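Below is one structure, written out as structure tokens; the observations come after it.
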Amino acid sequence: MRVANLNSHNNTTVKKIVNNGGKNMEHIVKILPNQVKDMSLAPLGRHKIDIAEKEMPGLMSLRKQHTGTKPLKGFRLTGSLHMTKETAILIETLKDLGADVRWASCNIFSTQDEAAAAIAETGTPVYAWKGETLEEYWDCTLQALTFDGNLGPNLLVDDGGDATLLIHKGYELENHFNEHGDYPEITTTNPEELVIEKLIRKVHKLNGNHWHNIVPDIIGVSEETTTGVARLVQMEQDNELLFAAFNVNDSATKSKFDNLYGCRESLVDGIKRATEVMMAGKTVVVCGYGDVGKGCAQSMKSYGCKVIVTEIDPICALQAAMEGYEVRTLESVLGKGHLFVTTTGNKDIITLEDIRKMRDQAIVCNIGHFDNEIQVDALNDSDAKREQIKPQYDRYTFPDGKQIFLLAEGRLVNLGCATGHASFVMSTSFANQVLAQLFLAKEKPEVKLYNLPKELDEEVARLHLEHLDADLTILTKDQADYIGVDPKGPFKKDEYRY
Ligand code: NAD
Ligand code: ADE
């Protein structure tokens with residue numbers, strides 16, 4: 001059974017009226033203590049967490065620095081971010097700083113069940129296991145968003161924006177219902193969007209004011225990734241943001257490290273654990289040459305692959321060309337690639353028709369945040385026969401006998417087929433997350449999208465230098481004056497790109 005310590009995964013909604021500050025708040029879910037795969041994995045998870053802590057100096061240093069004052073005490077905090085051992089250390093840091101934490105993963109395949117079990121064992125409500133269905137995934141997100149007394153969070157840590165999305169969608173539905181007295185017609189045929197639409201209607205039937213009740217208590221969200229930030233930028237432009245948002249991704253110590261060096265190692269980990277294929281000599285097509293694409297291309301090159309890049313942005317295309325990669329359109333290289341990796345954060349990068357034109361035994365995978373980079377639904381509905389070689393490794397056979405391998409069902413290959421980035425680089429990302437949470441809790445800023453100040457970005461880097469035996473040169477006052485900076489930093493203008 002998937003869930004060892006619970007009777008079932010079914011967090012069916014229940015009606016229960018609680019009186020909260022005079023508001024009529026009907027319970028929208030039966031609150032479960034946790035939902036994980038197997039509690040007997042907790043000791044293994046704890047061992048892995050103990051080892052990883054030593055590789056996360058930034059996070060551990062912030063923990064030490066702030067544990068005495070408990071700056072997050074009294075704050076309810078929901079996380080929607082891959083439930084890995086590194087995230088376990090983020091969770092324990094946020095708890096150590098005083099927060100009341102509830103957590104769900106932000107992907108159906110990325111949970112490390114031993115890490116989830118170790119966190120559940122400490123009494124922290126965590127709702128995550130590897131291999132959730134889409135319905136289970138969104139139910140888990142709702143569980144993580146629902147605190148005792150039917151309260152919502154004050155703070156959110158989001159990765160990809162799903163927790164933020166659910167709140168905004170629920171709020172919008174209530175507005176529509178209040179205005180029109182009924183629900184808007186569901187027009188989408190996208191399976192995941194259908195699940196969300198059904199879930200918010202289910203919540204609405206139990207409590208027609210749930211999201212309006214909880215939104216005023218939400219101070220803000222800190223968003224981990226490029227795609228989640230893109231969603232926030234759009235919401236801010238459309239005047240739809242309901243609370244403040246913090247762009248963690250664009251701290252230099254996040255996107256120029258995690259997206260680049262993280263993927264440089266975790267992409268190949270995912271490919272090899274799934275397929276066990278030899279990389280050297282293969283032709284690899286990397287779609288997109290942003291931060292993630294740069295890390296992926298470099299990784300493949302280092303294994304002796306011939307790397308071809310596709311790009312829509314002339315600057316990134318030129319960068320790829322000057323690194324010595326071939327830059328081509330996807331159509332022109334479909335028959336050439338042994339392996340295709342999408343890294344764009346965009347949709348329909350590899351279509352069903354593209355897959356039909358690939359060579360026999362080509363491997364197709366995505367490392368971007370969402371699974372719409374490859375047309376997986378169309379592939380599943382096509383004339384190709386699907387066989388699961390093992391979870392997250394599928395072979396499709398077309399009527400002409402040609403076979404294609406798809407990894408992690410088109411979801412993030414590094415987290416679906418392996419364990420994501422290594423701990424050290426996640427320490428830089430998660431140190432930014434903690435600083436963003438401290439900022440939100442302290443400042444309770446107005447509804448806007450914020451970036452981390454450069455001083456803090458530099459501080460995050462500084463916290464990681466000693467671990468790598470790196471000695472920083474100290475600027476003299478004279479030199480500092482000459483280049484027009486403070487000897488203590490910041491050392492670059494905000495526009496500097498690293
Ligand atoms: P980015 O914006 O730096 O890079 C994306 C690149 O793709 C851009 O250069 C863009 O021009 C290019 N692109 C867009 N459409 C394209 C198309 N049709 N064909 C070819 N190229 C195209 O973003 P990033 O920081 O590199 O992130 C990429 C994705 O990876 C995002 O979804 C992000 O959330 C995700 N991400 C995943 C991980 C992970 O661990 N798997 C880590 C970090 C980021
Ligand atoms: N994103 C990429 N790798 C990760 C990891 N190990 N933990 C959490 N989020 C991640």
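Since we're looking at a predicted model, the values are computed, not measured. Heavy-atom basis, side chains included; hydrogens, waters and symmetry copies ignored. Indexing begins at 1, ligand by ligand and atom by atom, following the structure's order.
Checking Thr225 against Asn249 by side-chain atom types alone, no donor-acceptor pair falls below 3.5 Å.
The pair Glu193-Lys169 does not count as a salt bridge, with every side-chain nitrogen at least 4.0 angstrom from each carboxylate oxygen. Under the 4.0 Å criterion applied to side-chain N and carboxylate O atoms, Glu459 and Arg462 are assigned as salt-bridge partners. Salt-bridge formation is not detected for the pair Glu236/Lys448: no Lys NZ or Arg NE/NH1/NH2 atom is positioned less than 4.0 Å from an Asp or Glu carboxylate oxygen. Using a 4.0 Å cut-off between a side-chain N of Lys or Arg and a carboxylate O of Asp or Glu, Arg273 and Asp269 qualify as a salt bridge. Taking 4.0 Å as the cut-off between side-chain N and carboxylate O, Arg63 and Glu53 count as a salt-bridged pair. A salt bridge links Glu326 and Arg328; the closest N-O separation between the charged side-chain nitrogens and carboxylate oxygens is under 4.0 Å.
The only option from Lys85, Lys54, Glu86 that meets the side chain to side chain donor-acceptor pair (under 3.5 Å) definition with Ser423 turns out to be Glu86.
Near His421, meaning under 4.0 Å from one of its heavy atoms, ligand 1 places the atoms 40 (O), 42 (C). Within ligand 1, counting atoms from 1 as listed, the ones closer than 4.0 Å to a heavy atom of Cys316 are 9 (O). Ligand-side atoms of ligand 1 in range of Gly345: 29 (C), 31 (C), 32 (O), range being under 4.0 angstrom from any heavy atom. Atom numbering of ligand 2 starts at 1 in the shown order; those under 4.0 Å from a heavy atom of Thr419 are 6 (N). The ligand atoms of ligand 2 that sit less than 4.0 angstrom from a heavy atom of Thr87 are 7 (N), 8 (C). Atoms of ligand 2 found under 4.0 Å from any heavy atom of Phe430, numbered from 1 in the order shown, are 8 (C).
Scanning the protein for heavy atoms near atom 1 (P) of ligand 1, the closest one is Gly290 CA, 4.0 Å. Of the protein's non-hydrogen atoms, Glu311 OE2, 2.6 Å is the one closest to atom 9 (O) of ligand 1. Annotation: atom 29 (C) of ligand 1 to nearest protein heavy atom, Gly368 CA, 3.7 Å. Of the protein's non-hydrogen atoms, Thr226 OG1, 3.6 Å is the one closest to atom 24 (P) of ligand 1. Among protein heavy atoms, the minimum distance from atom 7 (N) of ligand 2 is reached at Thr84 OG1, 2.7 Å. The protein heavy atom nearest to atom 3 (N) of ligand 2 is His421 N, 2.8 Å. Of all protein heavy atoms, the one closest to atom 31 (C) of ligand 1 is Thr227 OG1, 3.3 Å. Summary of contacts: the protein heavy atom closest to atom 38 (C) of ligand 1 is Ile367 O, 3.9 Å. Counting only heavy atoms of the protein, atom 35 (C) of ligand 1 lies nearest to His369 N, 3.6 Å. The protein atom (non-hydrogen) at minimum distance from atom 15 (N) of ligand 1 is Asn346 ND2, 3.1 Å.
For Met426, every heavy-atom contact with ligand 2 shorter than 4.0 Å involves the side chain, none the backbone. Counting heavy atoms closer than 4.0 Å to ligand 2, residue Glu86 contributes side-chain atoms (C-beta onward) but none from N, CA, C or O. Residue contacts with ligand 1 for Leu412 involve side-chain atoms from C-beta outward but no N, CA, C or O (heavy atoms, distance under 4.0 Å). Only the backbone of Thr343 comes within 4.0 Å of ligand 1, judged by heavy-atom distances.
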inquiry  = Would Glu353 and Arg356 count as a salt bridge (charged side-chain N to carboxylate O under 4.0 Å, His left out) here? Give the steps.
reply    = CA-CA 5 Å; Glu353 293 318 306; Arg356 287 188 193 282; 3.4 Å; yes
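Looking at Lys254 next to ligand 1, no N or O pair under 3.5 Å apart turns up. Inclusion of Asp258 in the set of residues having an N or O under 3.5 Å from an N or O of ligand 1 is not warranted. Taking any N or O of Asp258, backbone or side chain, none lies under 3.5 Å from an N or O belonging to ligand 2. Residue Asp159 has no nitrogen or oxygen atom sitting less than 3.5 Å from a nitrogen or oxygen atom of ligand 2, judged on distance alone. Geometrically, ligand 1 and Cys263 share no nitrogen or oxygen pair separated by less than 3.5 Å. The shortest N/O to N/O separation between Asn414 and ligand 1 falls below 3.5 Å.
Every heavy atom of Gly420 sits 4.0 Å or more from the atoms of ligand 1.
Nearest heavy-atom pair, Leu241 versus Val447, reported as atom, atom and distance to 0.1 Å: O-CG1, 3.5 Å. Of all heavy-atom pairs spanning Gln437 and Val157, the tightest one is NE2-CG2, 3.4 Å. Scanning both residues, Thr124 and Val101, for their nearest heavy atoms gives CG2-O, 3.5 Å.
Remark: Tyr450 OH is packed, more than 12 non-hydrogen atoms of other residues, nucleotides or ligands lying under 6.0 Å away. For Lys64, the NZ atom counts as loosely surrounded, since its 6.0 Å shell holds 12 or fewer non-hydrogen atoms of other residues, nucleotides or ligands.
Between Tyr289 and Tyr325, the ring centre distance stays below 6.0 Å.
Cation-pi geometry between Lys130 and Phe109 is not met: the NZ or CZ atom fails to fall both under 6.0 Å from the ring centre and inside 45° of the normal. Taking the ring axis of Phe147 as reference, the NZ or CZ atom of Arg102 stays within 45° of it and closer than 6.0 Å to the ring centre.
With distances taken over non-hydrogen atoms, the option nearest atom 20 (C) of ligand 1 out of Thr310, Leu415, Ile350, Val425 is Thr310. For the residues Thr225, Leu330, Asp313, the heavy atom positioned nearest atom 44 (C) of ligand 1 is part of Thr225. Of the candidates Asp250, Ile312, Ile349, Val309, Ile312 brings a heavy atom nearest to atom 13 (N) of ligand 1.
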